[in-house]
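Below is one structure, written out as structure tokens; comments come after it.
Convention: sequence-line order gives letters A, B, ...; per-chain numbering from 1. Any value given below was found using the heavy atoms of this structure, including those in side chains, with hydrogens, waters and symmetry copies removed.
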Amino acid sequence: MTAAPVISAKDLSLVFHTGDGDVHALKDVTLDIEKGEFVSFIGPSGCGKTTFLRCIAGLEQPTGGTLTVNGLSPDAARRARAYGYVFQAAGLYPWRTIGGNIRLPLEIMGFSRAEQEERVARVLELVELSGFEKKFPWQLSGGMQQRASIARALSFDADILLMDEPFGALDEIVRDRLNEELLQLWARTEKTIGFVTHSIPEAVYLSTKIVVMSPRPGRITDVIDSPLPRERPLDIRDSREFIEIAHRVRDGLRAGHAEEAL
Amino acid sequence: MRAALPVLVVLALIGALWYAAVPFMNIRVSLDLAERMGETVEPEGVNVRRELSVPTLLLNNPGRIGETFRLERPRLPTPGQVLSELWATSGAMVLEGRGFSKRSLIYHGWITLRSTLSGFALGLALGLAGAVAITYARVVERSLMPWAIISQTIPIVALAPMIVVLSSQIGVEGRGLPKAIISAYLCYFPILVGMVKGLNSPSDQQLDLLKTYSASGFQSFWKLRLPASMPYLFASLKVGIAAALVGTIVGELPTGAISGLGARILIGDQFGTPLAIWAALLAAAILAGLLVTALDMVQRSVLRRRGMAA
């Protein structure tokens, strides 16, 4: 690809100073993410995958190295509405309706009333929640709530979608369904997606690029470019390629552990 | 009706206990009075009776028990006596068209209510302002909170006369303002503590979410912190308004106030009319109940609008 990467990290480090001494959450992380890629970050707890996502979002400040988002600093990119962020918990405001929750970023960003309505209707359709605009969060299932929170992140048309274990708290069946829907959404909107997960099948099924990370210090141990086609039915998970990639991810995770044991 | 039943049962129990206590509390007064009227009681002589226990006196004079329920100045009036005194100084006066005369509890209740509400408004403003300051500036928490806590350890009955005297010294006319200050002093604290908790109730994730929108501090206050604090606000408002009422009544007790429920209690004490004291007490309790109920209704309507089961 000739275009500049959307997200570019070079020798990125982040050290937290705690009472128990310094913790290297990230050490020398170098990674380029191109436009339109679906990148998964996988690794055990403490490997820095969430921290890296939060650095991209400007929620954490790296202590070393460089990081650009759309060619800007993460803070500047955030102000330019470069990304939408989806957290592990849907985090919908219980006192707002689904429509009201999706309207929240639009209100803050100063969209006109008419445009707010138009956008809420559009993203609700995108996540297949049309007709639920006037419902309150407690009236929806966990999966539906997470879809609403994805709609909220999509509502202001950021090019990048950052997702921090968005389906981690959902059961397997709902998760499969949402994974499928997320791929369709990605194909339709052509967004660049950064996706943190604990699940190997989820990472392999969704991603064009899988970043395997290991803890203490948090670093990248393997980057796998997926040979799977963009069009992926659920049963692709039984194919030989799929199983091979899953193997390589597992090996990467194990290698990270073995190193730690030494 | 099903909801009212437990309340009515408790009310009936309290009433029964109260009536049962009346002969015990009043028998001495009743015997003293009867003896003074020249009737024979057993045993005779106030000093002799002082040596005997109340149950013994009741056993010796079973014929006098009925009178203990009808004394004009009892130690403990019956609920019926209190209610009829309350009616005589409120409802009955309204029917006569004198509902707002200076002898009516409605007039005195209104005086107390007015001070309570202005004190409550003052305390609410102080409590909210303090909570917002503490939420946004750590240094305020460290400098303000110890004083707020110390302020609540000073007995209000000691402080109230000082506030009244000081405010008259600096030329404040009437008792409205000092009373409001005293009630604000009592009610700001629960509101402060509740709102500090409420404004800090949003999770880190909710605050991060607003950060990803580059929301200003003002926006995160209006869109997140304030709405998230509503359940805490109403809980502390209910405590606060009851405290404000107590503060006003305490403010009406010292140094010769002549109007307000607190003044009625004091005057009733000075003139030895227990029925008036009890009627004023009951009126204060009813007033407190009405205020809390009103807040409860506001809370229900707010919660319903926010889609929560009320």
Side-chain angles (χ1 to χ4, degrees), chain A residues 50 53-54 56-61 69 74-111 133-140 149 152-153 155-156 158 160-166 169, chain B residues 124 128 131-132 135-136 138 142 191 194-238 295-310:
Chain A
T50 293
L53 209 67
R54 289 174 61 85
I56 298 171
L59 294 174
E60 303 285 354
Q61 300 304 320
V69 178
D75 274 327
R78 183 185 66 211
R79 283 193 292 276
R81 299 176 201 164
Y83 68 84
Y85 203 105
V86 179
F87 291 88
Q88 177 166 14
L92 301 172
Y93 291 2
W95 58 87
R96 282 177 174 244
T97 59
I98 297 304
N101 269 288
I102 295 169
R103 215 174 289 119
L104 175 73
L106 304 175
E107 287 170 9
I108 288 171
M109 293 169 183
F111 286 88
E133 183 177 349
K134 299 223 154 54
K135 294 266 189 272
F136 281 94
W138 59 268
Q139 296 171 300
L140 269 61
S149 97
R152 181 176 59 185
S155 64
F156 47 94
I160 305 169
L161 194 54
L162 301 174
M163 308 178 88
D164 184 4
E165 292 190 47
Chain B
L124 180 63
L128 285 181
V132 170
T135 303
Y136 283 97
R138 264 285 123 84
R142 255 173 267 146
I191 293 168
M195 282 307 280
V196 167
K197 190 120 182 71
L199 291 175
N200 285 297
S201 65
S203 66
D204 287 345
Q205 189 201 296
Q206 286 178 314
L207 292 166
D208 278 345
L209 179 69
L210 285 180
K211 219 164 151 191
T212 69
Y213 304 148
S214 306
S216 67
F218 193 70
Q219 284 170 326
S220 60
F221 181 79
W222 281 109
K223 305 244 182 243
L224 177 57
R225 287 188 189 270
L226 195 63
S229 72
M230 281 303 129
Y232 296 86
L233 176 66
F234 280 105
S236 31
L237 286 185
K238 284 184 204 168
L295 276 174
D296 200 56
M297 280 158 65
V298 176
Q299 178 181 24
R300 275 163 197 270
S301 87
V302 168
L303 288 188
R304 201 168 305 134
R305 251 203 335 206
R306 290 155 44 112
M308 293 177 194

Should A/Arg152 and B/Tyr213 count as side-chain neighbours, where that means a heavy-atom distance under 4.5 Å? yes

Mind ranking A/Ala57, A/Ala89, A/Gly58 by heavy-atom pairs under 4.5 Å with chain B and telling me who comes out on top? A/Ala89

Quick one: list whatever passes side-chain contact (heavy atoms from CB on, under 4.5 Å) with B/Arg142, sequence neighbours left out. B/Arg138

Could you give the distance from CD (A/Glu60) to CG (B/Asp208), rounded to the nearest 0.5 Å? 8.0 Å

Okay, A/Arg79 and chain B: the region with an atom under 4.5 Å from a heavy atom over there is both

Measure B/Leu210 against the heavy atoms of chain A and call it side chain, backbone, both or neither at under 4.5 Å. side chain

Exceeds 12 heavy-atom contacts within 6.0 angstrom, atom NZ of A/Lys135: no

Is there a side-chain contact between B/Gln206 and A/Phe87, using heavy atoms and a 4.5 Å cut-off? no

Measure the CG-CH2 distance between B/Leu226 and A/Trp95 for me, rounded to the nearest 0.5 Å. 9.5 Å

Once you round to the nearest 0.5 Å, how far does OG of B/Ser214 lie from CZ of A/Arg81? 8.5 Å

Any residue of residues 196-205 of chain B which, by heavy atoms, sits under 4.5 Å from chain A: B/Gln205

How long is the gap from NZ on B/Lys211 to CZ on A/Arg54, to the nearest 0.5 Å? 7.5 Å

Say you draw a straight line from CG of B/Leu209 to CG of A/Leu92; how long is it, rounded to the nearest 0.5 Å? 9.5 Å

